[in-house]
Structure formats: structure tokens, C-alpha cells
Participant: 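Take this structure, written in C-alpha cells, and hold onto it; I'll ask about it next.
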Amino acid sequence: MSTNKWKNMDAGLLTMIAKVARNETLSAADEVSIADFLKGYAGAGAEPGFAGGPSGDVRGSNNLRRTNWFNGRYLTAEALSRQDVYFDTRARLAAHAQMPGIAWGLGLSADGLNSTPIDTEGRFGGLPSSRTITLRRGLAFDHIGRPILVSAPFTFSIDQLIGAYRKTPQKVVGGGVDFMPCVCLVNDPAGPTGGSAALPSGPFLLIIQPGETEEGGAKVMGEMCGGAASANCRADTWRGGFGLSLVRFPVELPFRQDLQSAWDLRGTLSAYFFDVFEHALWKRWDPDFASQGPFGTDTGPGRHDAAAIALAMVYLGEDGSVLFMDQWIPRRTICDTPAEDWHRTRFGAPPRAAAWARIHQFQAMLSESLLKRPSNAENGNLFLRGFRHIPPIGFLPVKPGPANDKRPMGIPLFDSLLGSTQGARWLVSPLVRNALGQAEDYFQGTRVITYGVVALHDDDILEDLSKVFDKDPIQLSLRPPRSTVDPATGAAAGTGTFKPSLYQAGTVQTTSTAALPGFLGVLANLFDVLGMDELVNRRTEIVKLVAPLQGLTREHPLVGRLQEDALNQAQAWGVNPLLTAANPLGQLGSLNDSAEALAGLVARLGLDMLPRHFVVYVKQRLVLLDLLFYLLEILQFLLNFMREIQSLGNAGTGNAQTSVSTEQVRAQYLRQPAEKRAMVEAIMAEPDVQASIVRAADLSGSGIAVTTRNQAFLDKVQSTESSLANTIADPAERKRVALGQVADSYAAEYPDYQLVQVLAAVQPQHTLTVVSQLSVTRSAELKRTLADDLVKDGPAVLKADEARPLYADLKSSLESRKVSDYVEGSDSALTVKEVLARSPEDAEKLLGAEDYARFRKNYQADRAAAIAGAEALAKGVPDALAVKVEAGIQAGKPAESVVETLKTETAASSADRPVLDQTATLLRITGGQAGFLKLVKRT
């Protein structure tokens, strides 16, 4: 060591040298001192790449090794190979910061792909396996960061892949990480071996993997390559490449009624891949979800194994043909980082790549399906097209077309004006209704309930897209068809189609003989469709249909008025500019496709917007205030309970409108478990719940929302309570009985008051509070009708309980008759019910003063006869007489003639004669409707 170096060494450094000589451990400070001393004497070298010096007091190492280059070192193949491996690994580690998957390109195409008819029932007849398929150029990265580059279009056939599969059959296994399965491969013991056995039918994945192949010859020291005797020659280069394989996706789809066509298979496998294989939705939030370790650990290991990249799912039919090739079921594009996915999946959200793929898969399958079956075809809903689970948002293509009667606006007066004046050519709203109607057809007959909105700006769709991106898929299932009921006979008249509109859901006729009338029936049917258990179990889904609008003459601040294809679209939507504008050629000159000419046209028409060629569906966010949830759950119990009561009342009658008394309801209610009754009564006692019932009655247009009816109801309760003072001593019991009697009378006259009957039976002390709120003038209340005017003193108080169902049936029959039955010479097609629902002033204007007076007189007479007849027949009919009437009717004779014959055969002094007289009167006023005879008890 030179003298100069010795001078620069201090005692501490000499002490450390002594420690090294004695093999003693150096401290971190000792190592820093030695490193600083050696820096000035190190020879010139390459950039180290990482910071020198110690990396901490406790040191570790990784598996990155690079060659240390210096002058005089031998240049060996091992050193250069080590350097190549080092930089290759560094590049792969950079790729680990992104998700594995497809960066761009790598699409697949073939002539005749996915052309199997939708109605096919066999698993054969798809694309021949010998057909050429083209893989487009693109780039992907596998799970360990290796690039897979396809630099030019590549052609292949399924036959080539089948040959390789037969030699080395492989299948996919789960990756073992929730929400992030890789396409990991293992040998398939169930597959064919040796190329002898037939290839099994079923789903396969088309995968791509990176690879390298040797290329050229390299000169070896002392020997020229290329000769016949060269023994030490090696390949000159490694050429990057890729390999395609067909591997089995181990899912067996059974033969079922709803799993027949290739489209059924495709939709089912799509749902399985997204919701079972990849997401494991059923165990997303297990009991340990909020307390398990991963929430307090790092962002997880991700996937760092040599997994393959999936390009498509291929289903091979029984004949070896390709039934379908779906690229978006397994394909995943790079759109976020592993850390982002870890955080999302820990909290139950699907990976971003999977969410995007789910939408792409739906759109691709739907567009191919529409080529086979148009959107307006019969049985064209999504379920019958093979879809089982669909993404939470999607785009439904619609066909531009003029408005028509099949898709009314829902406002009778407006629809009439549009039909008579062809006003649809001047308004956009009927075209929007047409588009929304076509979108509803996609869900027709399924358990999905829809409602429509209009997006004034078409970019509003992007807001919905971002909001629902992480929601679970919408489950599709068919709703059993409902039978319509003939109101005259009460018998099933045929099979009706379930209406998927939210506004129509409450008015669908039910098949139950215990159907509840009026407001209560609407609520009951809504709970059938939208019950809490139906929603929670995903048997019913609610989606919003959004019709985006496009402006026709928008202006850009730089380029001015935008040239659009609006004129062509106007023709498609049934808006003919040349026919609609008044003398357009004279006003505008020659009409052409320019934007300026269109602007002039818009000035004439007032038509400056049109629907687009699609409607967006969006799964809706379903959250409720806790109190509202309690209320709905209790109401659902009450409605089911009321239906059971109706069923008891209808036993043996087959009549859907039989009423029951408040006492009957209360008797059944008291048989319920005490805990359930306590919950119901507690909820019904809440002022907010009572206010909610009032608001619901107002918004639904229920018969219990008429203020004057409820004012009369309260007065009637007070007078009835006074009349019971000498009979019932307890004031609370006296009020309860009076309330029940009045509720029974009102329910017979106005079926919606059956709700009041239920309230009176369950919570009598708070029922009057609800009725009192309904008796106060409100902005949304219904006005007094002609029916109220005709019942001046309130509904008839029927003495016998048996008379009430008789009168309710008779009144329903009276209301179903035509106005012409009451006004001789009138040609009005209106029913009595339609006239009674109007105000007295409107009814008089509608019928005219003279006809109105005759209608009032004749209807009041028939109503009085119905009350008297119900009271008389409520006492019962001799069994022998009832048998004779039934026998005559069953023989095919009209009921009126049967009764008249029996009157002739019966002496005037007979006890049966008054019964026959009343029956004849009731048959006359009901127009021969004999349904009430089933309600008469026999003595």
C-alpha cells in the first residue's frame, strides 16, 4: 500500500481491518466507512444500475442476477446469457404492473361463423371444422409478463387444433384466486389419447401462448457449420412466436327443455363463465367477509404463472362442427392494474376487464342473434334468444318506424288526437314511445319489469354506464303466462301475456279465485310481481329503459352546423319532410340533403330531434328507507292474509268478488302468531306509515281517496257508535264494532274499502286516523263522482252478513251493463261504470240533460232493487228450489226463462213465490247475469 493511502486511513479503519482478520462481524457503520474509503480507489466500471451501499441492517436478496463486466474478463456464453435473462426479467417485471391479457387486436373471423339457426334443437350443424379462421394481428401479455406478438394475420382451422388436442389433451382448471382465475392447463384424463378416440362434444377454449423456435446455424470455434459432419453447431438465433391450442373447458351442459339451441348453450356458458368460473358470486361475501385477513394484508400476489391467454370459447357439436365461437366470454383486455383489481375484488366488485367483456359479449351475441330473428319477431325476447344472465347495462337495437296504435302513449285523449290528425308526424314523443315499446319487447314474457325515460342528451348514457358498471348481472327467466278472466262468467277466457311495464304490472288480471278487487287487487298483484322476496332472490328485476335523443341541427363552435344523416333517418321514422311541411318546395326552394335545408325544414315543422337507433337498458338501484321496507313487508303479509280470507269466503262459489266482513278478517287475524301480530300492529301505529298509506291511495287513484266519501264514512261511524250505546258498554269495543260495520257497508259499495276492512281488523284504534287524513282536502285527491251523488245517504247498511257478497256481485253486474240499457234509444257504447266514475257535471254533459235524468232515475231504481233482492235472498233459498233452477240452467235454458217457468208452476201463496219474484227481478236488472245465484245459501 502506498504512503499516501496509509495517510488517508484512520485508526477506526485499521480497527475494522483487524476485525475482518479475526472474522468478526462488522456493524452497518463499519461497512459504510469501508465503502466510503474504497470509492476513491475503485477502477472505472459500468453504471451499476442500482444504488450502491448497504440496503438496511437486515439484508435479503432476490433472484435477479446480472453479469459484472470489467476489463480483462473473459467473454463467455454463460455471462452473455445471464445478461439476457436479467434484462428479459426486468422487462417482464414492468409488465407485471399491468393486468395480463390482450393489449390490442387478436380478433377472430371466419365465413359462416355463428350462423346456426336460433330454433335449432340439435347440437350439430355448425361451422365445419375445416373452415379457415383468421387471427388478426395484435399484442398480449401473459401472467408472467411475456409478450405474445402476432405481427401479421394468421390463418388456421379447427381441424389442425383438434389433431394437436388428440395427441396431448388438456383442460382448464380454476386459478385458485377469487375473481381472478387464470387459464391454467393440466392434462385431461377424460380426453382422447393417441389420436384414436373421437373428440368429445362440448365447450373448449381457444388459447394463445408465447414461444420461441431455433433459427439458422451459428459458427463454432474450429468448425464450420452446415457440413454433414458438424457435431457442435447450434442455432444462430431464437425466433419469437406463438402457439394456438384447443383445451377443454370442463363444464357439462345437460339436455333440458331450455338448453337446446346453440344460442341457449352460448348464453348459459356466458353466465357460467362470468358468475361461477370467474367471479364465484355465490361466495363473494361469506360469513367471514368483513373480518378475514386479506383486508389487513398487502394487495395480494396476483397471477404470476405461465398461464395461457384465452381468445375465444368454442363449442364443438356432436358432428365436430363449431356450433359457436364467442370471443368475449373468456377474452380479457388490459384495462387496469393488479393492485386495482385486488382492491375491487376484495370488496366484491368484478374485475374491470370482466365487466367490459360482459357488455361486449352481450352486444356481440345480440347482434348476431338479430340476424337470425328480427327484433320485432314473435318470441323475440332475450330469454328465447338464449340469454340467461345479461350485463347491468346494454344497448338494445330498435328499428326506426312511424308510431302506430300498437304502442299507444297511454293517455287516451292524446292517443285519439294522434290517430285522427296524424299528429305523430309533428311530434317526436310518439316515435320515442315506439322505440321504448320495441325495447320492452326484448323483456316481454320475462320477470324483468321495465319503465321508460328519455335522455335529452345522448351522452347521458355514459353516466349510467359508469354508475352501474360494478353491479351484478340481470337474471332472466320466463314468467308463467297468466289467464285472463271473463268478467261476465268468471271463467278463464284464455292465456294472456305478462306485461313487463312497471305501470302495467299492477293491473294484470290474476288467475286466483281469491283475486282482490280495486286498489287492494292492484297492490296484491304488484306484490306478486315486485314482492320483497322476489326482488331479493332475483326472480324479479327492475330495469330502466333510456331512449336517447339526437339533435338534427346542432352547431359546432368551429365547423358550424353539423352535417348529419337526419333526412334519411326522418324517412325511416315515418316523418316524410316533403309530405309533412306545408308546400316545402315553394318555401324552401329545392329540398336537398344539406344541413342548411334541414334547418329551414325544422323551422317549418318544429321537429328538431329524433330517437336514436337503440334504447339503453340500465339495472336499477334498489334501496329503501328502513321504515318503508318494514311497511312493504307488513303490507305484503296483510295482502296475502287478505287473499286467504277471500279464499275462505269463496269456498264453493267460484266467484272472484265475494266480500267478507271485518269480523271474519279479525277472527282469522287473531289466529296468527302473537309475535307477528305485535309487529304488524306496531308498524301500522306509526304516523309515517299511516301517511304513506294516504299518499299511496292518492297516487294510485284509489276509490278510498275521495275526500267526501271519507267524510261521510266518519259521520256514519259516529252515528252507528251512538246506536250501539245501549248494546255495548265498553267504549273501545263499541267504536271497533261500529267501525267494522261501516267498513263492511262501504266495501260492498266501493271495493277499494276492503283495505279499510283490513286496517279495522288489524289496528282499529288507528284506522280512523288514516280515514281522517283521507277526509281532508288534498292536492292529489280524487273528486266526488256521480256514484257518490247517487248514494246520498251513504252505502246501504245490509243487516245480514250474507247479503253483502250478494249485493257486491249484483252491483258489479249493474256497472258492467251499457248506458243504452238504461236510456232507451241511446247509442252510447259507454258502460255504467264509466259514467259513474265521472263527476255529475261531466256525466250530464256527456249524456245530455234528458238522457242523464233518465239514466239517474233508472239506475237508482235498479240499485234499490239490488239492495232489496240481496236482503231477501240472504235469508236463503230452499234446496229443492235451488236444484230446479240449476237443472234448468245446466240444460241450456236462459236463467230468466227457467225462473219464469217456475213462477208459473208455483202458487202465489207458496213460500217459494217471493224468492222467485226477487230472483226474476235481479235477473232482469243484471241483464240475465246469473252469477249471484252461486252465492245464495241453501236452507
Side-chain angles (χ1 to χ4, degrees), residues 88-108 135-150 172-185 205-211 240 242 244 247 249 270 273-281 284 294-295 297-313 326-362 364 391-392 465-466 469-473:
D88 179 63
T89 304
R90 286 283 300 273
R92 293 188 192 179
L93 290 178
H96 285 185
Q98 64 188 15
M99 289 295 297
I102 297 172
W104 56 270
L106 300 183
L108 296 161
L135 172 65
R136 290 189 285 271
R137 53 194 296 265
L139 174 66
F141 290 88
D142 69 4
H143 297 71
I144 56 178
R146 294 180 297 179
I148 308 173
L149 176 64
V150 179
V172 180
V173 295
V177 178
D178 288 349
F179 289 91
M180 293 178 61
C182 70
V183 183
C184 302
L185 308 177
L205 293 186
L206 174 61
I207 62 170
I208 189 170
Q209 296 170 287
F242 59 90
L244 299 175
V247 297
F249 189 67
S270 168
F273 196 98
F274 292 144
D275 307 331
V276 180
F277 174 72
E278 185 171 51
H279 291 176
L281 292 181
R284 170 167 47 191
F295 286 102
T297 61
D298 58 23
T299 53
R303 292 239 60 99
H304 301 304
D305 43 29
I309 298 297
L311 296 179
M313 177 175 283
D326 194 312
Q327 300 182 55
W328 281 108
I329 290 179
R331 141 180 325 235
R332 298 292 175 263
T333 55
I334 299 172
C335 51
D336 52 13
T337 65
E340 166 74 7
D341 258 28
W342 186 91
H343 290 299
R344 291 170 57 81
T345 59
R346 288 308 92 191
F347 290 91
R352 187 67 75 181
W356 277 117
R358 185 164 60 184
I359 298 175
H360 280 285
Q361 193 277 333
F362 169 77
L465 181 64
S466 64
F469 208 73
D470 295 329
K471 294 184 75 68
D472 287 344

Participant: Name all residues meeting the side chain to side chain contact (heavy atoms under 4.5 Å, CB included) criterion together with Leu93; count only those two or more places apart in sequence or in a different chain, and write none if there are none.
Facilitator: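 Result, side chain to side chain contact (heavy atoms under 4.5 Å, CB included) vs Leu93: Leu64, Thr89, His96.
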Participant: Are the side chains of Gln361 and Phe273 in touch, meaning some heavy atoms are under 4.5 Å apart?
Facilitator: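 No. Closest side-chain heavy atoms not under 4.5 Å.
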Participant: Using a 4.5 Å cut-off on heavy atoms from C-beta on, say whether the side chain of Val172 contacts that of Ile207.
Facilitator: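 No, their side chains stay 4.5 Å or more apart.
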Participant: Measure the acute angle between the ring planes of Phe277 and Phe249, then classify it against the limits of 30° and 60° as parallel, tilted or perpendicular.
Facilitator: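 Plane angle over 60°, so perpendicular.
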Participant: Output all residues satisfying side chain to side chain contact (heavy atoms under 4.5 Å, CB included) with Arg92, sequence neighbours left out; order by chain, then residue number.
Facilitator: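 Arg92 satisfies side chain to side chain contact (heavy atoms under 4.5 Å, CB included) with Asp88, Ile144, Arg146 only.
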Participant: Could you walk me through whether Trp104 and Arg137 pass the side-chain contact (heavy atoms from CB on, under 4.5 Å) test, one step at a time?
Facilitator: CA-CA 9 Å; Trp104 56 270; Arg137 53 194 296 265; 4.1 Å; yes
Participant: So, the side chain of Arg344 versus the backbone of Pro350: is there a donor-acceptor pair under 3.5 Å, distance only?
Facilitator: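 Flag set: sc Arg344 to bb Pro350 pair under 3.5 Å.
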Participant: As an exercise, state the distance from CG of Leu108 to CG of Leu244, rounded to the nearest 0.5 Å.
Facilitator: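 CG of Leu244 is found 8.5 Å from CG of Leu108.
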Participant: Ignoring hydrogens and angles, write down the donor-acceptor pairs under 3.5 Å from the side chains of residues 332-340, residues two or more places apart or on other chains.
Facilitator:
{"residue": "Arg332", "atom": "NE", "partner": "Glu278", "partner atom": "OE2", "Å": "2.9"}
{"residue": "Arg332", "atom": "NH1", "partner": "Ile329", "partner atom": "O", "Å": "3.2"}
{"residue": "Arg332", "atom": "NH2", "partner": "Glu278", "partner atom": "OE1", "Å": "2.7"}
{"residue": "Arg332", "atom": "NH2", "partner": "Glu278", "partner atom": "OE2", "Å": "3.3"}
{"residue": "Arg332", "atom": "NH2", "partner": "Ile329", "partner atom": "O", "Å": "3.1"}
{"residue": "Thr337", "atom": "OG1", "partner": "Glu340", "partner atom": "N", "Å": "3.2"}

Participant: Listed by chain and number, what are the side chain to side chain donor-acceptor pair (under 3.5 Å) partners of Arg331, not counting sequence neighbours?
Facilitator: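 Arg331 satisfies side chain to side chain donor-acceptor pair (under 3.5 Å) with Gln327 once adjacent residues are dropped.
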Participant: Quick one: side chain to side chain contact (heavy atoms under 4.5 Å, CB included) partners of Pro100, sequence neighbours excluded?
Facilitator: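 Pro100 satisfies side chain to side chain contact (heavy atoms under 4.5 Å, CB included) with His143 once adjacent residues are dropped.
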Participant: Can you tell if the side chain of Arg136 reaches within under 4.5 Å of the side chain of Val150, non-hydrogen atoms only?
Facilitator: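 Sidechains of Val150 and Arg136: no contact.
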Participant: Taking side chain as C-beta onward, heavy atoms only, is Pro473 less than 4.5 Å from Asp275?
Facilitator: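 Heavy-atom side-chain distance check passes, below 4.5 Å.
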Participant: So among Phe469, Phe362, Phe274, which one has a ring-ring contact (aromatic ring centres under 6.0 Å, His included) with Trp356?
Facilitator: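 Of the listed residues Phe469, Phe362, Phe274, the ring-ring contact (aromatic ring centres under 6.0 Å, His included) partner of Trp356 is Phe469.
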Participant: Find out whether Asp326 and Ser270 are in side-chain contact, i.e. whether some heavy atom of one side chain is under 4.5 Å from a heavy atom of the other.
Facilitator: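 SC-SC contact between Asp326 and Ser270 ruled out.
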Participant: Between Phe242 and Pro210, is any pair of side-chain heavy atoms under 4.5 Å apart?
Facilitator: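 Side-chain contact under 4.5 Å: no.
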Participant: Compare every heavy atom of Ala307 with every heavy atom of Asp142, then report the nearest pair and how far apart it is.
Facilitator: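 Of all heavy-atom pairs spanning Asp142 and Ala307, the closest is CB-O, 3.7 Å.
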Participant: Can you list everything that forms a side chain to side chain contact (heavy atoms under 4.5 Å, CB included) with Ala140? Sequence neighbours excluded, please.
Facilitator: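 So Ala140 forms a side chain to side chain contact (heavy atoms under 4.5 Å, CB included) with Ile102, Leu106, Ile148, Ile309.
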